[in-house]
Amino acid sequence: MQAILLVGGFGTRLRPLTLTTPKQMLPVLHRPMIEHVVCGLSRHGVDRVVLALGYGDEAFRAAYPDGRCAGVELCCVVESEPLDTAGAVRFAHTAAGMDDSAGPFLVANGDVITDLDVGEMLRLHRVAGAEATVHLIEVDDPSRYGVVVTDPDGRVGAFVEKPPPPAPSRWINAGTYLMEPSVIGRIDGGRRVSVEREVFPAMAAAGTLWALRHNTYWIDAGTPETYLQAQLDLLDGRRGPAAAGVSPAAVLDAGAVVERSVVMAGAAVGEGAMVRGSAVGVNAVIEAGAQVLDSVVGRAATVGRGARVTNRTLVGEGVAVPPGQALSGARVPEAA
Ligand code: GDD
Ligand code: MG
C-alpha cells in the first residue's frame, strides 16, 4: 500500500516554532512528528510514502537523506506553490508516478498521530465499493474540524469543513483517507483545490464517499495545546508503555524539579528551576529558579533566571526570555 502524506502547510498555529522548522519536523517526544505518523502507517502495511512537500521541504530531505523514514521508502515531491490539500494529492500522485492499477492508496494529514486500523478501513472501503473512505473520530467540540454526517451503513451524506455552531454531528474527519485512483480525475489541475471544501462535499452529493467510525488513539498535533498533549500522552502511557521524558543526554541540576515533561538531549535545567507539563527542546537552557509550566521551549532557547513561562507559551528556537520575565499564553517572538 502506498500513502501520500500532506506535509506542505505553513503550520501557522504553531508559530513561532514553525518559523524555523516545518510542523511535521517538530519533535514529539524525542523524534520528529512525521516519524510517529509514518510508523503508524507502516504497522498497517504501508511500504512507500510520498511526502507532499511545500513550505520547509529542505528540512525533510536533510533529515532523511537516504530516502527512508522509520523503515519505509520515502518519495519526496515539492509543490512550487501551495496547491491546498486536494491539489497536493493530485500533484503528488502524478509526480511520484503512482500506478493506477495498484488500486486504492492512502492519504493522511501529516500532523495526525493515530492507531487507526487501516485494514479495517480497507475492508469497509471494499465491501461498500467506495470511491473514497474517510476515518471519523467523535469529539466534544467539532468546530475546528471537518464535520461528517453519515447514514447507518456509513455512506456520507454531508461533509462540511469547520461549520459554524451548531455542528450537524460530533463525528469529524480524522484526516486519513483511502482513495481510488478515480478521485484524481475529480481534482482540477493548475489551481488550489481543497479535499475538505470541494472534493469530499461533491463526492458526498454523488453518494460515492464512505466513512469508518473508529474511536481509537487519535490526535491532530497542530495547535499549541495538542502539540503538547501528543507528548504528554506518550509520557502518560496513553499509547503503549509510558515513555521516558528526560533524555539521558540532558543535564538536570540536583535541585531542579522536572515533572511530566520532555527534556531533550543537550538541554539543561538549573538549580531550583521547575519544569512541569512541558517540552524543552534540544540544547535549551532553563536557568536557576525559572519555571516552565504547560509550555514549549524551542531548540537552543534560554529561559532566564527566575522567569516564568506558563499556560501554553511557545518560546521560539534560539530565543532568550530575559531573567524575571513572566509570560502566560505568549508566543515569543510574537508570531507574524
Ligand atoms: N502539500 C501540501 N500543500 N500540504 C498542505 C497544504 C498544501 O497546500 N495545505 C495544508 N497541507 C497539509 C498540512 O501540512 C497538514 O499536514 C494537512 O495538510 C492538514 O492541514 P491542517 O492545516 O493541519 O488542517 P486542519 O488541522 O485545520 O484540518 C484538517 O485536519 C482535521 C483533522 O485533524 C482537515 O482535514 C479537517 O477536515 C480535519 O477534521
Ligand atoms: Mg491539522
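In each ligand, atom 1 is the first atom listed, and ligand 1 is the first ligand listed.
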With distance as the sole test, does Ser261 use its side chain to make a donor-acceptor pair with the main-chain N or O of Gly277 at under 3.5 Å?
-> yes

Check whether any side-chain N or O of Thr313 sits under 3.5 Å from a backbone N or O of Ser295 as a donor-acceptor pair, and report yes or no.
-> no

For the residue pair His93 and Phe105, does the interplanar ring angle fall in the parallel (under 30°), tilted (30 to 60°) or perpendicular (over 60°) class?
-> tilted

Under 3.5 Å donor-acceptor pairs involving side-chain atoms of residues 79-87, not counting sequence neighbours:
| unit_1 | atom_1 | unit_2 | atom_2 | d |
| --- | --- | --- | --- | --- |
| Glu79 | OE1 | Leu83 | N | 2.9 |
| Thr85 | OG1 | Val195 | N | 2.9 |
| Thr85 | OG1 | Glu196 | OE1 | 2.7 |

Using only N, O or S atoms, tell me which atom of Asp111 is closest to the Mg ion (ligand 2).
->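 The atom in question is OD2.
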
Considering just N/O/S atoms, say which atom of Asp220 is closest to the Mg ion (ligand 2).
-> OD2

Which side chain to side chain donor-acceptor pair (under 3.5 Å) pairs, counting each pair once, include a residue from residues 127-137, with sequence neighbours left out?
->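 Every pair satisfying side chain to side chain donor-acceptor pair (under 3.5 Å) with a residue in residues 127-137: His125-Thr133, Glu131-Ser182, Glu131-Arg186, Glu131-Thr208.
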
May I ask whether Leu209 and Val199 are part of the same hydrophobic cluster, defined by side-chain heavy atoms of I, L, V, M, F, W, Y residues being less than 4.5 angstrom apart, directly or through others?
->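 As far as the 4.5 Å side-chain criterion goes, Val199 and Leu209 are connected within one cluster.
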
Sorted by chain and number, the residues that approach ligand 1 to under 4.0 Å with a heavy atom |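 Around ligand 1, where the cutoff is 4.0 Å for heavy atoms, the contacting residues are Leu6, Val7, Gly8, Gly9, Arg13, Lys23, Gln24, Ala52, Glu79, Pro82, Leu83, Asp84, Thr85, Ala88, Asn109, Gly110, Asp111, Val112, Tyr145, Gly146, Glu161, Lys162, Asn173, Tyr177, Glu196, Trp218, Asp220.
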
side-chain contact (heavy atoms from CB on, under 4.5 Å) involving Glu198 - partner list, sequence neighbours excluded |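 In terms of side-chain contact (heavy atoms from CB on, under 4.5 Å), with neighbours along the sequence ignored, Glu198 is linked to Arg191, Val193.
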
